[in-house]
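Notes follow once the structure below has been shown.
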Amino acid sequence: LLKVDVEKAEMLVLKGLSDADWKMVQAVVAEVHDDDGKLDAIKAMCAKAGLDKVDVVQEAAFKGTNVFTLIACRSDPSEKKGLALELLHA
C-alpha cells in the first residue's frame with residue numbers, strides 16, 4: 001500500500017516512482033488537490049501502472065473543495081469487492 005498525503009505535491013511523488021517501484025505497489029491511497037486536472041492525470045498514471053480499480057471519494061470535511069481521496073488497486077479475481085475502501089478505513 002502506498003499512501004500519499006503531501007499537500008499538493010502528489011504528482012511529484014508519483015512521478016518519482018520508477019517502473020520497478022510501480023510493480024511493487026498493489027494499492028494507492030492519495031489525497032489529491034485537483035488543480036489543473038491533476039486528479040484525472042493521477043487516475044491515468046495509476047491505470048498505466050496496472051492499478052485498474054480506481055475510486056474517488058470526497059470526505060464530508062472537504063465538501064465543496066478541490067480535495068479528494070483517490071483509491072486505486074490492482075484487479076484480482078480472488079479479492080473481495082470494495083477492498084480499496086476497506087484499506088482506506090483500516
Side-chain angles (χ1 to χ4, degrees):
L1 171 65
L2 174 62
K3 183 172 186 275
V4 181
D5 185 1
V6 290
E7 302 308 320
K8 299 184 181 181
E10 48 275 4
M11 284 295 288
L12 291 173
V13 169
L14 296 174
K15 283 183 177 180
L17 295 175
S18 69
D19 289 342
D21 293 333
W22 276 111
K23 288 179 183 175
M24 291 187 287
V25 175
Q26 296 300 307
V28 172
V29 176
E31 181 180 280
V32 178
H33 296 257
D34 190 21
D35 300 320
D36 302 319
K38 194 185 302 182
L39 183 59
D40 286 336
I42 291 174
K43 286 167 57 175
M45 189 181 299
C46 288
K48 181 180 175 191
L51 301 167
D52 55 343
K53 291 173 60 177
V54 179
D55 196 10
V56 176
V57 296
Q58 188 172 47
E59 296 179 35
F62 295 115
K63 185 108 175 130
T65 72
N66 69 340
V67 180
F68 298 88
T69 301
L70 176 134
I71 305 153
C73 63
R74 298 182 187 282
S75 288
D76 181 337
S78 66
E79 256 184 309
K80 294 187 305 183
K81 187 175 182 179
L83 174 61
L85 290 175
E86 288 178 29
L87 289 172
L88 176 63
H89 297 291

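Counting begins at 1 with the first residue of the sequence. Given the structure is predicted, the values throughout are model-derived calculations rather than measurements.
Residues in residues 16-26 take part in no salt bridge (Lys or Arg N to Asp or Glu O under 4.0 Å) pair, two or more places apart or across chains.
With sequence neighbours left out, the side-chain contact (heavy atoms from CB on, under 4.5 Å) criterion links Q26 to R74. Not counting sequence neighbours, the partners of K15 by the side-chain contact (heavy atoms from CB on, under 4.5 Å) test are M11, M45. Partners of D52 under the side chain to side chain donor-acceptor pair (under 3.5 Å) rule, at least two apart in sequence or in another chain, are S75.
Across all their heavy atoms, L51 and W22 have their closest contact at CD1-CZ3, 3.6 Å.
Cluster annotation: I42 and V6 are assigned to the same hydrophobic cluster (Ile/Leu/Val/Met/Phe/Trp/Tyr, side-chain heavy-atom contacts under 4.5 Å, transitive). Under the 4.5 Å side-chain heavy-atom criterion for grouping Ile, Leu, Val, Met, Phe, Trp and Tyr, V4 is connected to V56 within one hydrophobic cluster. Under the 4.5 Å side-chain contact rule for hydrophobic residues, L1 and V54 do not share a cluster.
Between the Q58 side chain and the F62 main chain, a donor and an acceptor come within less than 3.5 Å of each other.
Taking 4.5 Å as the limit, some side-chain heavy atom of L2 sits within range of a side-chain heavy atom of L17.
Its side chain outside the 4.5 Å cluster rule for every partner, L12 clusters with none of the Ile, Leu, Val, Met, Phe, Trp and Tyr residues.
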Let me check something: any side-chain donor-acceptor pairs from residues 28-35 under 3.5 Å, sequence neighbours excluded? List them with distances.
{"from": "E31", "atom 1": "OE2", "to": "H33", "atom 2": "NE2", "distance (Å)": "3.4"}
{"from": "D34", "atom 1": "OD1", "to": "K38", "atom 2": "N", "distance (Å)": "3.3"}
{"from": "D34", "atom 1": "OD1", "to": "L39", "atom 2": "N", "distance (Å)": "2.9"}
{"from": "D35", "atom 1": "OD1", "to": "N66", "atom 2": "ND2", "distance (Å)": "2.5"}

